[in-house]
Amino acid sequence: MNTPLTAATCPTLRRDDLIVIGGAGGFIGGSLARYFHDQGFTRIRAIDKKPLPEWYQRVPGVESLCMDLSEYDNCVRACEGATEVYNLAADMGGMGFIERFRVECLRSVLINTHMIEAAYRAGARRFFFSSSACAYNITLQQDPNVRALKESDAYPAMAERGYGWEKLVSEIFCQEYWAERGLETHIARFHNVYGPNGTWDGGREKAPAAICRKVITAKDTGSHEIQIWGDGTQTRSFMYIDDCVVGIDMIMHCKELIATPINLGSSELIGVNQLVSLAEEIGGVKLTRKYQLDAPRGVAGRNSDNTFIKSVLGWEPSTPFRDGLTKTYAWIEQQYMTRKAGKHTVS
Ligand code: NAD
């Protein structure tokens, strides 16, 4: 198998071609802007609707614009002159958010439909869409010892209400813009992404960040308890952010993956109880677990089948969860202490 192309090795992409990243004030978009900057790309345009001081990362030398990408005119401005467009903008969060705000999640369809049209009209060469494992049929995810989900498991469709259906519809837009209009689109279905510079508080955070924060708080306040959503038996796989950005890059530059949804996730299955034990071990504490059975808990189990990505790219996300969580815990602890000292933190 040939080594997969990346932005840095792609023969049709120059270092001064314009790369546009929607949602760059958030976790993955911000990390992607930093990644391309570090690879030597000199023209990166980052866009988010959040005011600039609230962006999780501001990368020096990157053009950073505060615009609402659910408005078509703003998408036109965002995509002007673009060679590649990566859309990571969406109204999203962990289960607590997506179960409660289904309309907000569905309205992200405005961002995707306007961004893809603007990218097409601007003559962009490639468009990337960040889909999700929530697009998969939920009836296949009712057991914690779940069979890992392969790409064909999205159909017959029975996606997660709100958020998952929006992802499925936007995937179809990507497929039809390629089939009918020849815009090269690439679609990755992310499975839970975690790491430094992600949301760790405020209601949109996902399980790894939430558990780290709870352990840090318990340790700091001397409380010996931890509240866990559900009965702790739920299972998931979690992908470290560094794997995510490399995966996005390889998927975007792979000709075999045009308009073809592909899993981008770790295949290391982790139970919520196991996640709590690991965070306790990192923090050096042991807490009494209180299970909140009426809290949002999502599907019983979900894992990524990586057969397809390994066959096409000869690669899969491989950061061990223990290593990624150790780094994430350290970053959240630093944020927690900064906030406690009365200083400003993002997320
Ligand atoms: P995030 O919330 O950190 O970032 C999303 C960003 O989009 C936010 O900064 C938000 O302000 C911005 N945004 C929302 N509406 C906007 C609008 N109208 N105009 C401009 N910006 C807008 O989330 P993330 O974790 O970085 O997720 C990025 C993408 O990956 C999303 O499409 C998400 O659905 C997808 N995804 C993420 C995960 C995960 O575990 N983090 C899993 C599956 C899919």
Side-chain angles (χ1 to χ4, degrees), residues 20-34 45-58 64-75 77-79 86-95 97-98 101 104-115 118 128-136 149 159-160 162-168 170-171 174 187-210 236-241 243-245 247-248 261 263-266 298 302 304 317 324 328 346-347:
V20 168
I21 304 174
F27 173 37
I28 304 173
S31 303
L32 195 63
R34 182 168 299 283
R45 182 180 295 148
I47 304 122
D48 203 286
K49 75 171 175 187
K50 286 191 294 209
L52 297 178
E54 290 173 29
W55 288 30
Y56 293 177
Q57 297 189 66
R58 290 285 302 283
S64 301
L65 304 175
C66 174
M67 290 199 296
D68 182 344
L69 295 174
S70 64
E71 306 273 346
Y72 180 64
D73 290 349
N74 289 339
C75 294
R77 165 73 188 91
C79 293
Y86 295 79
N87 186 26
L88 283 299
D91 226 334
M92 64 89 64
M95 282 320 297
F97 182 84
I98 67 175
F101 298 107
E104 296 304 320
C105 292
L106 281 167
R107 284 177 59 82
S108 290
V109 79
L110 295 172
I111 304 174
N112 292 310
T113 50
H114 290 155
M115 275 300 270
F128 177 88
F129 172 57
S130 48
S131 187
S132 165
C134 290
Y136 283 114
L149 294 161
E160 185 90 42
Y163 180 73
W165 280 102
E166 188 279 322
K167 293 295 189 192
L168 218 44
S170 293
E171 284 188 2
C174 290
I187 307 155
R189 291 187 184 140
F190 299 164
H191 290 246
N192 295 291
V193 189
Y194 73 102
N197 298 302
T199 311
W200 61 279
D201 199 7
R204 289 181 188 245
E205 65 280 13
K206 297 193 156 207
R236 293 291 185 275
S237 73
F238 301 102
M239 167 170 55
Y240 191 60
I241 184 65
D243 287 331
C244 181
V245 291
I248 292 173
N263 278 334
L264 182 55
S266 162
R302 178 184 292 152
S304 177
T328 308
V346 288
S347 126

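Just so you know, ligand 1 is whichever comes first in the structure, and atom 1 is the first atom listed for that ligand. Counting begins at 1 with the first residue of the sequence. Predicted model, so just to flag it, every value in this text is computed and none were measured.
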Participant: SG/Cys134 to OH/Tyr163 distance, rounded to the nearest 0.5 angstrom?
Facilitator: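 One gets 5.5 Å once the value is rounded to the nearest 0.5 Å.
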
Participant: Need the ligand 1 atom indices (1-based, order shown) with element for anything under 4.0 Å from a heavy-atom of Phe190.
Facilitator: 30 (O), 35 (C), 36 (N), 37 (C), 42 (C), 43 (C), 44 (C)

Participant: For ligand 1, which atoms, with element, lie under 4.0 Å from some heavy atom of Ser130?
Facilitator: 29 (C), 30 (O), 31 (C), 32 (O)

Participant: Among Val193, Ile241, Ile111, Asn74, whose heavy atom sits nearest atom 40 (O) of ligand 1?
Facilitator: Val193

Participant: For the residue pair Glu171 and Ser131, what are the closest heavy atoms and their distance?
Facilitator: OE2-OG, 2.7 Å

Participant: Heavy-atom contacts under 4.0 Å between Asn87 and ligand 1: side chain, backbone, both, or neither?
Facilitator: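 It is neither; nothing of Asn87 touches ligand 1.
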
Participant: If you measure from each heavy atom of Ser131 to ligand 1, is any distance below 4.0 Å?
Facilitator: yes

Participant: Quick test of your reading of the structure: of Ala90, Gly164, Cys244, whose heavy atom lies closest to atom 14 (C) of ligand 1?
Facilitator: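 Minimum heavy-atom distance to atom 14 (C) of ligand 1 goes to Ala90.
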
Participant: Of the listed options (Tyr194, Phe238, Tyr163), which comes nearest to atom 34 (O) of ligand 1 when hydrogens are ignored and any heavy atom counts?
Facilitator: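 Selected option, by shortest heavy-atom distance: Tyr163.
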
Participant: Atom 4 (O) of ligand 1: which of Cys75, Ala135, Gly26 has the nearest heavy atom?
Facilitator: Gly26

Participant: Atoms of ligand 1 less than 4.0 Å from Gly23 heavy atoms?
Facilitator: 6 (C), 7 (O)

Participant: Counting only heavy atoms, which portion of Cys134 has something under 4.0 Å from ligand 1: side chain, backbone, both, or neither?
Facilitator: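 For Cys134, there is no contact with ligand 1 at all, from either part.
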
Participant: With heavy-atom distances below 4.5 Å as the criterion, would you say the side chains of Phe129 and Cys174 are in contact?
Facilitator: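 Counting from C-beta outward, Phe129 and Cys174 do come under 4.5 Å.
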
Participant: Which residue and non-hydrogen atom of the protein lie closest to atom 31 (C) of ligand 1, and at what distance in Å?
Facilitator: Leu88 O, 3.5 Å

Participant: Tell me, please: is Lys167 in heavy-atom contact with ligand 1, that is, under 4.0 Å?
Facilitator: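 Under 4.0 Å: yes for Lys167.
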
Participant: Compute whether any side-chain donor of one residue and acceptor of the other, for Tyr56 and Asp48, lie under 3.5 angstrom apart.
Facilitator: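 Result is no, nothing qualifies.
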
Participant: Is the closest N or O pair between Ala89 and ligand 1 shorter than 3.5 Å?
Facilitator: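 Between Ala89 and ligand 1, no N or O pair is found under 3.5 Å apart.
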
Participant: Compare Ile28, Leu264, Val346 and give the one whose heavy atom is closest to atom 41 (N) of ligand 1.
Facilitator: Ile28

Participant: Need the ligand 1 atom indices (1-based, order shown) with element for anything under 4.0 Å from a heavy-atom of Asp68.
Facilitator: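 Matching atoms, with element in brackets: 17 (C), 18 (N), 19 (N).
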
Participant: Which heavy atom of Ala89 sits nearest a heavy atom of Gly23, and at what distance?
Facilitator: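 Shortest heavy-atom contact: CB-N, 3.5 Å.
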
Participant: For the residue pair Tyr194 and Phe238, does the interplanar ring angle fall in the parallel (under 30°), tilted (30 to 60°) or perpendicular (over 60°) class?
Facilitator: perpendicular

Participant: Looking at every heavy atom in both Pro196 and Ile241, which two are closest together, and how far apart are they?
Facilitator: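 Of all heavy-atom pairs spanning Pro196 and Ile241, the closest is CD-CG2, 4.3 Å.
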
Participant: Do we see a donor-acceptor contact under 3.5 Å between the side chains of Glu166 and Ser108?
Facilitator: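 Their side chains do not contain a donor-acceptor pair, so the 3.5 Å distance test is not met.
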
Participant: Taking the side chain as everything from C-beta on, heavy atoms only, tell me whether Arg189 gets closer than 4.5 Å to Leu264.
Facilitator: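 Side chain of Arg189 against side chain of Leu264, heavy atoms only: no contact under 4.5 Å found.
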
Participant: Would you check, one step at a time, whether the test salt bridge (charged side-chain N to carboxylate O under 4.0 Å, His left out) holds for Glu160 with Arg302?
Facilitator: CA-CA 12 Å; Glu160 185 90 42; Arg302 178 184 292 152; 3.6 Å; yes

Participant: Ignoring hydrogens, what is the shortest heavy-atom contact between Gly164 and Ala159? Give both atom names and the distance.
Facilitator: C-CB, 3.6 Å

Participant: Name the closest protein heavy atom to atom 21 (N) of ligand 1, giving the residue it belongs to and the distance to 0.1 Å.
Facilitator: Lys49 N, 3.1 Å

Participant: At what distance is the nearest protein heavy atom to atom 19 (N) of ligand 1, and which residue and atom is it?
Facilitator: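 The closest one turns out to be Leu69 N, 2.8 Å.
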
Participant: Considering only heavy atoms of Lys50, which atoms of ligand 1 have at least one such atom less than 4.0 Å away?
Facilitator: 9 (O), 11 (O)

Participant: Within a distance under 4.0 Å of any heavy atom of Asn192, pick out the atoms of ligand 1 and give their elements.
Facilitator: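 Those of ligand 1 that fall under 4.0 Å from Asn192 are 40 (O).
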
Participant: Please determine whether any non-hydrogen atom of Met67 lies less than 4.0 Å from an atom of ligand 1.
Facilitator: yes

Participant: List the closest protein heavy-atom neighbour of atom 23 (O) of ligand 1: residue, atom name, distance to the nearest 0.1 Å.
Facilitator: Met92 SD, 3.3 Å

Participant: For Lys206, which part has a heavy atom under 4.0 Å from ligand 1: side chain, backbone, both, or neither?
Facilitator: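 Within the 4.0 Å criterion, Lys206 contacts ligand 1 through side-chain atoms alone.
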
Participant: If only atom types and distance count, is the side chain of Trp55 paired as donor or acceptor with the main-chain N or O of Lys50 below 3.5 Å?
Facilitator: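 Pair found, side chain donor or acceptor close to backbone of Lys50.
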
Participant: What protein heavy atom sits nearest atom 3 (O) of ligand 1, and how far away is it?
Facilitator: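 Result: Phe27 N, 2.9 Å.
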
Participant: Show, in sequence, the C-alpha distance, side-chain angles and deciding distance for Ile47 and Ile21, and conclude whether the side chain to side chain contact (heavy atoms under 4.5 Å, CB included) test is met.
Facilitator: CA-CA 6 Å; Ile47 304 122; Ile21 304 174; over 6 Å; no

Participant: What are the two closest heavy atoms between Ala78 and Val20, and how far apart are they?
Facilitator: O-CG2, 3.3 Å

Participant: To check your reading of the model: name the closest protein heavy atom to atom 10 (C) of ligand 1, its residue, and the distance in Å.
Facilitator: Asp48 OD1, 3.5 Å

